[in-house]
Amino acid sequence: QVHLVESGGGLVQTGGSLRLSCTASGRTFSTYAMAWFRQAPGQERKFVAAIRGSGGSTYYADSMKGRFTMSRDNAKNTVFLQMNSLKPEDTAVYYCAARSPDDYGLGPYEYKWWGQGTLVTVSS
């Protein structure tokens, strides 16, 4: 069982930055692939970024490339999402997710464990 807790959301102006964190319970954190998804009001949950267990390989949705960076610190059981050049359309609840085996998954159904989400609001 993996318990995930996100933090770092908030209100930011267009062009600003935020850094989200997600801390996991358990001793085998480095064996899980981790991902960030987001869900705007009235929309389906969408893939943002993923990272393999070792932290050496990442994958991003096209609209996030160059603006968002995902990383992880396995010693602290934590993944991060650095978000720069934020736009109003980035407004959503951001969810952290974990899966095993350690491979990318682009669909929400591929992740077994989820955090409660953290709200990011970008004002225009």
Side-chain angles (χ1 to χ4, degrees):
Q1 188 71 14
V2 179
H3 183 59
L4 303 173
V5 178
E6 302 99 332
S7 61
L11 175 64
V12 64
Q13 292 185 334
T14 296
S17 298
L18 280 176
R19 189 192 196 205
L20 306 183
S21 300
C22 171
T23 300
S25 62
R27 301 179 180 181
T28 58
F29 179 70
S30 63
T31 67
Y32 297 106
M34 302 294 294
W36 288 96
F37 287 80
R38 69 185 186 185
Q39 188 166 18
Q43 297 186 19
E44 63 183 14
R45 195 168 296 189
K46 297 180 180 179
F47 173 81
V48 172
I51 190 167
R52 298 283 291 270
S54 65
S57 182
T58 52
Y59 187 85
Y60 299 92
D62 287 343
S63 61
M64 287 66 171
K65 290 179 181 178
R67 297 192 302 126
F68 291 9
T69 302
M70 186 174 184
S71 60
R72 66 192 294 161
D73 184 341
N74 287 339
K76 296 182 178 180
N77 279 20
T78 301
V79 294
F80 306 97
L81 184 68
Q82 177 67 44
M83 305 186 295
N84 299 326
S85 303
L86 284 164
K87 308 172 183 179
E89 51 265 43
D90 293 318
T91 295
V93 176
Y94 284 71
Y95 295 91
C96 173
R99 63 166 279 165
S100 180
D102 180 18
D103 199 0
Y104 297 135
L106 304 185
Y109 58 90
E110 298 184 76
Y111 290 82
K112 183 175 182 179
W113 299 284
W114 291 86
Q116 82 289 350
T118 186
L119 177 63
V120 171
T121 303
V122 184
S123 63
S124 57

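Quick note: residue numbers are just sequence positions, from 1.
- For Q13, the CD atom counts as loosely surrounded, since its 6.0 Å shell holds 12 or fewer non-hydrogen atoms of other residues, nucleotides or ligands.
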Next on the checklist: Evaluate D90 against K87 for salt bridge (charged side-chain N to carboxylate O under 4.0 Å, His left out), listing each step before the verdict.
Outcome noted: CA-CA 5 Å; D90 293 318; K87 308 172 183 179; over 6 Å; no

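- Note: F47 and Y60 fail the aromatic proximity criterion, with ring centroids not under 6.0 Å apart.
- Side-chain contact of Y95 with T118: a donor-acceptor pair under 3.5 Å is absent, judged by distance alone.
- Applying the side-chain contact (heavy atoms from CB on, under 4.5 Å) test between W36 and each of M64, M83, M70 identifies M70 as the sole match.
- Judged purely by distance below 3.5 Å, without hydrogens or angles, the side chains of T23 and N77 never pair a donor atom with an acceptor atom.
- Contact of the L18 side chain with the V120 side chain is registered, since non-hydrogen atoms from C-beta on lie closer than 4.5 Å.
- By the 4.5 Å heavy-atom criterion applied to side chains, P88 and T14 are counted as neighbours.
- Across all non-hydrogen atoms, the minimal contact from N84 to S17 is OD1-OG, 2.9 Å.
- Taking hydrophobic clusters as Ile, Leu, Val, Met, Phe, Trp and Tyr residues chained together by side-chain heavy-atom distances below 4.5 Å, I51 does not share a cluster with W114.
- Connection of L86 to F37 is not established within any shared hydrophobic cluster, with ILVMFWY side chains joined at heavy-atom distances below 4.5 Å, either directly or through further cluster members.
- Between A50 and Y111, the closest heavy-atom pair is CB-OH, 4.0 Å.
- For the pair T31 (side chain) and F29 (backbone), a donor-acceptor distance under 3.5 Å is absent.
- For T91 (side chain) and V122 (main-chain N/O), a donor-acceptor pair under 3.5 Å exists by modelled atom type.
- With hydrogens and angles ignored, the 3.5 Å screen pairs a side-chain donor or acceptor of R52 with a backbone N or O of D102.
- Judged purely by atom type and a 3.5 angstrom limit, E6 uses its side chain to pair as donor or acceptor with the backbone of C96.
- In this pair, Y59 and Y104 present their aromatic rings tilted. The plane angle is within the 30 to 60° band.
- Rounded to the nearest 0.5 Å, atoms NZ (K46) and OG (S63) are 8.5 Å apart.
- Counting non-hydrogen atoms of neighbouring residues, nucleotides and ligands closer than 6.0 angstrom, the NZ atom of K76 reaches no more than 12 such neighbours.
- For the pair L119 and L11, the minimum side-chain heavy-atom distance is 4.5 Å or more.
- The closest donor-acceptor contact from the side chain of D103 to the backbone of A33 lies at 3.5 Å or more, if one exists at all.
- A cation-pi contact, defined as under 6.0 Å to the ring centre and within 45° of the axis, is absent between R72 and F80.
- At distances below 3.5 Å, not a single donor-acceptor pair connects side-chain atoms of Q43 with backbone N or O atoms of A40.
- Between L81 and A49, the shortest heavy-atom contact is CD1-CB, 4.4 Å.
- Side-chain contact between L4 and V2 is present, with heavy atoms from C-beta onward closer than 4.5 Å.
- A cation-pi arrangement is not found for R99 relative to Y32, the charged atom failing to lie both closer than 6.0 Å to the ring centre and inside a 45° cone about the ring normal.
- A single hydrophobic cluster is seen to contain both F68 and V12, as judged by linkage of ILVMFWY side chains at heavy-atom distances under 4.5 Å, directly or through other members.
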